2 protein chains.
Amino acid sequence: MPDKSLSSSQRAVQELRSRIFSGELAAGSDHLESELADLLEMSRTPVREAVLTLGSQGLLELRPRKGVRILPLSPEDMAEVYDVLTELESHAAERAASANYSEADLAELAQAIDEMDAAIAKSDLDAWAEADDRFHSELVRLGRNSRIEAIVAMMSDQVRRARTTTLFMRPLPTKSNEDHRAVYQAIRDGNPDTARTIHRKHRQHAKAILVELLGKHRLRYL
Amino acid sequence: MPDKSLSSSQRAVQELRSRIFSGELAAGSDHLESELADLLEMSRTPVREAVLTLGSQGLLELRPRKGVRILPLSPEDMAEVYDVLTELESHAAERAASANYSEADLAELAQAIDEMDAAIAKSDLDAWAEADDRFHSELVRLGRNSRIEAIVAMMSDQVRRARTTTLFMRPLPTKSNEDHRAVYQAIRDGNPDTARTIHRKHRQHAKAILVELLGKHRLRYL
DNA sequence: GCATTTATTTGCGTATGCATTAAAAAATGC
DNA sequence: GCATTTTTTAATGCATACGCAAATAAATGC
């Protein structure tokens, strides 16, 4: 049941986002404003605002007279997004390591790592993905740069749809957590350069894996 | 004379942007939607869309019932923006240096550098700033990552207003162009690590200068 | 006088209608 | 038949109207 306390245009943003992620609004599909308005049972005005917002976040594109297109992601797009994430998250890791956080401050980060271990032990990929998301967003939060937080959230959204597809195509990310622990330790021990370098390599590696996977499976768009 | 071929909401974005940069809409000031609609001689609808767009780009904030606030930038904000620029531009420099560009491809970059030299010789700060902008945006373009281009453009907008203020408070950036030339050469010679490292230091230095300047002059908001 | 309630104003969020104009369909010429 | 023009359709961009709720002012009680 939709929260009545939200404005229609806020609800429209939420609803459209989740329908994009679920695939109900498929990548590459076109939709008229009036069609979306009917779908969400509201007038065109709030959907139009929502569509502008989601457009500015790169999830869709407005093509006058042709409807809004849910943007598909090509392997090149994925590479772009991963590069942005790599640079900004590495910066966050570096900053986090300079911030003299206590272990209590880093509890959330540590917990996410433990949950990834647990998820891997149970071969629960969804749980792993969820914990991995939490690790990365917590890392960015600790970097204390609101603009980086916003950008990373935006880019993470863009890859989210793709990851649900690719996640099940690759081997269990067992080694991945070693990196996470190393980053955690570097932050805890106050080694900015180490935190930065390791996280950067971690992300670059993830990008390489993904790009290779997309190539091998001939996935042109997601 | 406003271009009649643009839609009203596009014109609204342009007009509001330029009035924000010119200071006509001052940082920290509040404006009702209807006030802006009157100012731009159009209805609230396109103004509202423009305001949503500019809001998502961080130039202003929507505060229901209080009007849209033109966002002031604190020294902390400046630091955030510079950190984003540092990371993403450095990445662009690295990528540009990996791309095997010919000298012809780099002509625009070289020209911007020469113009900065010329501007410094004439002590023409405005011309210098314009050429500096061109250098940085061309560098990013050569990095071939559309998302980075968009983000950098957005962040550059945010500091633009501040720079017009601070530009005249500091000594002529004579040494700055040495870095630019070094980055240029690293790109031309295909040395990604060098291009990245130098540009990174260059930006970090610029940030340090600016932050110090803001502190010295007790500028809390711009 | 001060606090609390009530009345009034007013800015925003949303719905709706309409003119514009791009795209699709139909009609015409060759 | 095919190309070109004309007609029709319909999606958008914008203006306008209106109800709601927040902010402010006024009124009431103490």
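Bear in mind the structure is a predicted one, so any value in this text is a computation, not a measurement. Chain naming here is simple, since letters A, B, ... match the order of the sequence lines and numbering starts at 1 in each.
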Pick out the pairs of N or O atoms, protein on one side and nucleotides 7-9 of chain D on the other, that lie under 3.5 Å.
none

Requested in this report: Report the distance from atom CD of B/E35 to atom P of C/dT10, rounded to the nearest whole Å.
Outcome: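 After rounding, the reported distance stands at 15 Å.
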Query raised in the report: Can you check the B/E33 CD to D/dC14 C1' distance for me, whole Å?
Result: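 Value for this atom pair: 15 Å.
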Distance below 4.0 Å between [X] side-chain N/O and [N] OP1 or OP2:
X: B/S7; N: D/dC14; value: yes
X: B/S8; N: D/dC14; value: yes
X: B/R48; N: C/dG13; value: yes

The side chain of [X] lies closest to which of these nucleotides: [options]?
X: A/S43; options: D/dA15, C/dT14, C/dG17; result: C/dT14
X: A/L32; options: C/dA23, D/dA11, D/dC14; result: D/dA11
X: B/M42; options: C/dT14, D/dC14, D/dA15; result: D/dA15

**Report entry** D/dG13 base / A/R65 side chain donor-acceptor hit below 3.5 Å
**Finding:**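 Side chain to base: no pair below 3.5 Å.
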Report task. Decide yes or no, distance alone: a donor-acceptor N/O pair under 3.5 angstrom between the base of D/dA15 and the side-chain of B/T45. Result ->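 Per atom types, the contact qualifies.
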Query raised in the report: Roughly how far apart are A/M78 CE and A/L222 CG, rounded to 0.5 Å?
Result: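 Here the rounded value is 6.0 Å.
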Report task. Scan side-chain atoms only and decide if B/Q57 and B/R17 contain a donor-acceptor pair under the 3.5 Å cut-off. Result ->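 There is no such pair (donor and acceptor under 3.5 Å, judged by atom type) between the side chains of B/Q57 and B/R17.
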Query raised in the report: In chain order, what residues pass the side chain to side chain donor-acceptor pair (under 3.5 Å) check against B/S146, with sequence neighbours excluded?
Result: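 Only A/E80 meet the side chain to side chain donor-acceptor pair (under 3.5 Å) criterion with B/S146.
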Query raised in the report: Can any side-chain N or O of A/R163 pair as donor or acceptor with the backbone N or O of A/A129 at less than 3.5 Å?
Result: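 Side chain of A/R163 to backbone of A/A129, a donor-acceptor pair under 3.5 Å: yes, one is there.
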Query raised in the report: Going by the angle between their ring planes, with limits at 30° and 60°, are A/H202 and A/H180 parallel, tilted or perpendicular?
Result: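 A/H202 vs A/H180 ring planes: perpendicular.
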Query raised in the report: Is the shortest distance from a Lys or Arg side-chain nitrogen in A/E149 or A/R144 to a carboxylate oxygen in the other one below 4.0 Å?
Result: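 Answer for the salt bridge query: no.
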Query - Upstream residue (5' side of DNA chain C) when A/P64 and B/S34 are each assigned their closest nucleotide - result: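 Between the two, 5'-proximity favours B/S34.
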